[in-house]
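Just so it is clear, the structure is predicted and the values come from calculations on it, not from any experiment. Whatever order the structure lists ligands and atoms in, that order sets their numbers, starting from 1.
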Amino acid sequence: MSGKIVILTGAGLSAESGLGTFRDEGGLWAQHRIEDVATPKGFARDPRLVHAFYNARRQQAAEATPNAAHDALARLQQRWPDEVILVTQNVDGLHEKAGATAIHMHGILTGALCAACDHRWPAPSEMTPQDMCPHCHAPAARPDIVWFGEIPYHMEAIDKHLQDCAIFAAIGTSGQVYPAAGFVAEAAQSGAETVELNLDRTEISRAFDSHHIGPATDIVPRWVDSLLTGGARRLPFV
Ligand code: NAD
Ligand code: ZN
C-alpha cells in the first residue's frame, strides 16, 4: 500500500505530553474565556492578559516532550514510501521536537508577529504589550497564533494535499473548529480513505470510514505500525 497520507492533528495528540486540550477541566483554557484570550478583540481590549496567557502556554510547551504518538508519526513520515503531510492545529511544536515536519495552520507559540506590518520573528519567552517590532518599530508584537475569527495559515497548500491524498487521518481533534473540521469531507470527496483516531467519538465521527478509539499513545503507534507493515485494512481493532 502507498500513496500520499494527510494527517490532521489536534490538542488530543499532545494531551499525554501534559498539555491540556480545550475542554480539559482545570487546564489553562478552563480558566479563561476564549473570547478574552483567543480573539483579536480580546487582544485589543487587554493585551497584557493575552500575553500572560500565551507566555504561560509557551513555557508549558517548552518544558513538554513529545509522546509515543508524536514519535510514531515522525517514524511514519520517515519510512512511508510516499509523502506524509502532517497538518497540525497544535501550536506547541511537539511534532518538530519528535523529528517531524508539520504545516502549522494555527501558528506556533515560538513565533512573534507584528500586528502592524506582518513581520515575523522568534518570540522571546516572555512577550509584553510594549514589545517593539524589529522591522517597523511599532509596539504591536503579538503571538504568531491564529485566533478565532482569523483565517488559518497555508489553506491553499492544505487543500491541494487533501485533493490528492490516498489516506486522510484526523488524530485527537474534536471536529468543532472549522475549517479543519471540514477536511474529512474534502478528502472523502477526492476518494481518500478516511480514519479517525480519538479518545472518544466526535461530532463528525460519522464522516469517517473507520475509527480507532483510545488514548493517542496507544492507538497511534499501532496504526502507524499497521500501515508500515502493509496490513492497515486487515487489522481488526476498531
Ligand atoms: P479540542 O480540545 O477541541 O479537542 C481535543 C480532542 O482530543 C477531543 O476530541 C478529545 O476527545 C481528544 N482527546 C483528548 N485526549 C486525548 C488522548 N489522550 N488521545 C486521543 N485523543 C484525545 O482540540 P482541537 O480539536 O485541536 O481544537 C482546538 C483548538 O485549540 C485548536 O485551534 C488548537 O490550536 C488549540 N489548542 C492547541 C493546543 C496545543 O497546541 N497543544 C492545546 C489546546 C488547544
Ligand atoms: Zn512591524
Side-chain angles (χ1 to χ4, degrees), residues 7-25 27-32 34 37-39 53-54 56-58 60-70 72-73 87-97 102 104-121 131-153 169-184 196-205 208 211-223:
I7 303 172
L8 171 68
T9 66
L13 182 72
S14 297
E16 292 163 87
S17 290
L19 301 177
T21 67
F22 252 172
R23 285 157 195 84
D24 269 344
E25 280 173 34
L28 268 179
W29 285 101
Q31 295 156 26
H32 299 279
I34 285 168
V37 294
T39 63
F53 176 74
Y54 285 99
R57 294 193 64 201
R58 189 176 300 110
Q60 261 194 352
E63 287 164 4
T65 51
N67 62 47
H70 296 101
L73 294 177
V87 178
T88 189
Q89 299 168 89
N90 294 345
V91 293
D92 53 35
L94 289 183
H95 281 305
E96 285 74 12
K97 273 194 193 167
H104 283 267
M105 62 181 292
H106 288 171
I108 189 148
L109 286 164
T110 50
L113 168 70
C114 175
C117 79
D118 284 345
H119 180 70
R120 288 188 166 82
W121 68 99
D131 284 357
M132 241 197 270
C133 166
H135 182 70
C136 74
H137 307 295
R142 57 168 276 183
D144 190 8
I145 302 283
V146 176
W147 286 325
F148 287 91
E150 298 184 315
I151 298 168
Y153 298 152
I171 305 178
T173 177
S174 62
Q176 291 179 22
V177 180
Y178 280 84
F183 289 175
V184 59
E196 182 177 60
L197 298 95
N198 199 299
L199 195 54
D200 259 313
R201 291 187 76 84
T202 67
E203 285 184 14
I204 58 166
S205 285
F208 291 86
H211 306 88
H212 301 296
I213 308 265
T217 55
D218 176 26
I219 58 177
V220 176
R222 288 210 284 152
W223 177 68

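For the atom pair Arg58 CZ and Ile145 CD1, the distance stands at 7.5 Å (nearest 0.5 Å). Here Asp92 contributes atom CG and Leu13 contributes atom CG; the two are 8.0 Å apart, rounded to the nearest 0.5 Å.
When Leu94, Asp218, Asn198, Leu199 are checked for heavy-atom proximity to atom 12 (C) of ligand 1, Asn198 turns out nearest. Nearest to atom 4 (O) of ligand 1 by heavy atom, out of Pro215, Gly214, Ser174, is Ser174. By heavy-atom distance, the residue among Gly18, Gly10, Gly12 lying nearest atom 16 (C) of ligand 1 is Gly12. Atom 42 (C) of ligand 1 has its nearest heavy-atom neighbour, among Ser205, Ala69, Gly20, in Gly20.
In terms of N/O distances under 3.5 Å, ligand 1 is approached by Phe22. Any N or O atom pair closer than 3.5 Å counts here, and His106 shares at least one such pair with ligand 1. For Val91, a nitrogen or oxygen atom sits less than 3.5 Å from a nitrogen or oxygen atom of ligand 1, counting backbone and side chain alike.
Across every non-hydrogen atom of Tyr153 and Leu113, the tightest pair is OH-CD2, 3.9 Å. Nearest approach of Ala115 to Arg142, heavy atoms of both residues: CB-CD, 4.1 Å. What you find for Asn90 and Ala11 is that their closest heavy atoms are OD1-N, 3.0 Å. For Pro179 against Met105, the heavy-atom pair with the smallest separation is CG-CE, 4.4 Å.
In this structure, the side chain of Ser17 engages the main chain of Thr65 through a donor-acceptor pair within 3.5 Å. Looking only at distances, no side-chain donor or acceptor of Gln176 sits under 3.5 Å from a matching main-chain atom of Glu203.
Of the heavy atoms in Ala11, both backbone and side-chain atoms come closer than 4.0 Å to ligand 1. Under 4.0 angstrom from ligand 1, the non-hydrogen atoms of Arg57 all belong to its side chain.
Summary of contacts: the protein heavy atom closest to atom 34 (O) of ligand 1 is Gln89 O, 2.5 Å. Distance from atom 19 (N) of ligand 1 to its nearest protein heavy atom, with residue and atom name: Ala216 N, 2.9 Å. Among protein heavy atoms, the minimum distance from atom 44 (C) of ligand 1 is reached at Trp29 NE1, 3.4 Å. The closest protein non-hydrogen atom to atom 3 (O) of ligand 1 is Arg23 NH1, 2.2 Å.
Set against the non-hydrogen atoms of Gly172, the atoms of ligand 1 under 4.0 Å away are 5 (C), 6 (C), 7 (O), 21 (N). Listed by number with element, the atoms of ligand 1 under 4.0 Å from a non-hydrogen atom of Ala15 are 15 (N). For ligand 1, the atoms sitting less than 4.0 Å from at least one non-hydrogen atom of Asp92 are 39 (C), 40 (O), 41 (N), numbered in the order shown with element in parentheses.
Between His211 and Phe208, the angle of the ring planes goes over 60°, which puts this pair in the perpendicular group of the 30/60° scheme. The aromatic rings of Phe53 and His32 sit perpendicular to each other, their planes meeting at more than 60°, with 30° as the lower class boundary. The aromatic rings of Phe148 and Phe22 sit parallel to each other, their planes meeting at less than 30°, with 60° as the upper class boundary.
Here Cys133 contributes SG and Cys136 contributes SG, and at the Zn ion (ligand 2) these two atoms make an angle of 110°, given to 10°. The Zn ion (ligand 2) lies at the vertex of an angle of 110° between the SG atom of Cys117 and the SG atom of Cys114 (rounded to 10°).
Residue contacts with ligand 1 include Glu16, since one of its heavy atoms falls under 4.0 Å from the ligand.
Under 3.5 Å, the side chains of Asn67 and Thr217 contain no donor-acceptor pair of N or O atoms.
When distances to the Zn ion (ligand 2) are checked against a cut-off of 2.8 Å, His135 contributes no N, O or S atom below that limit.
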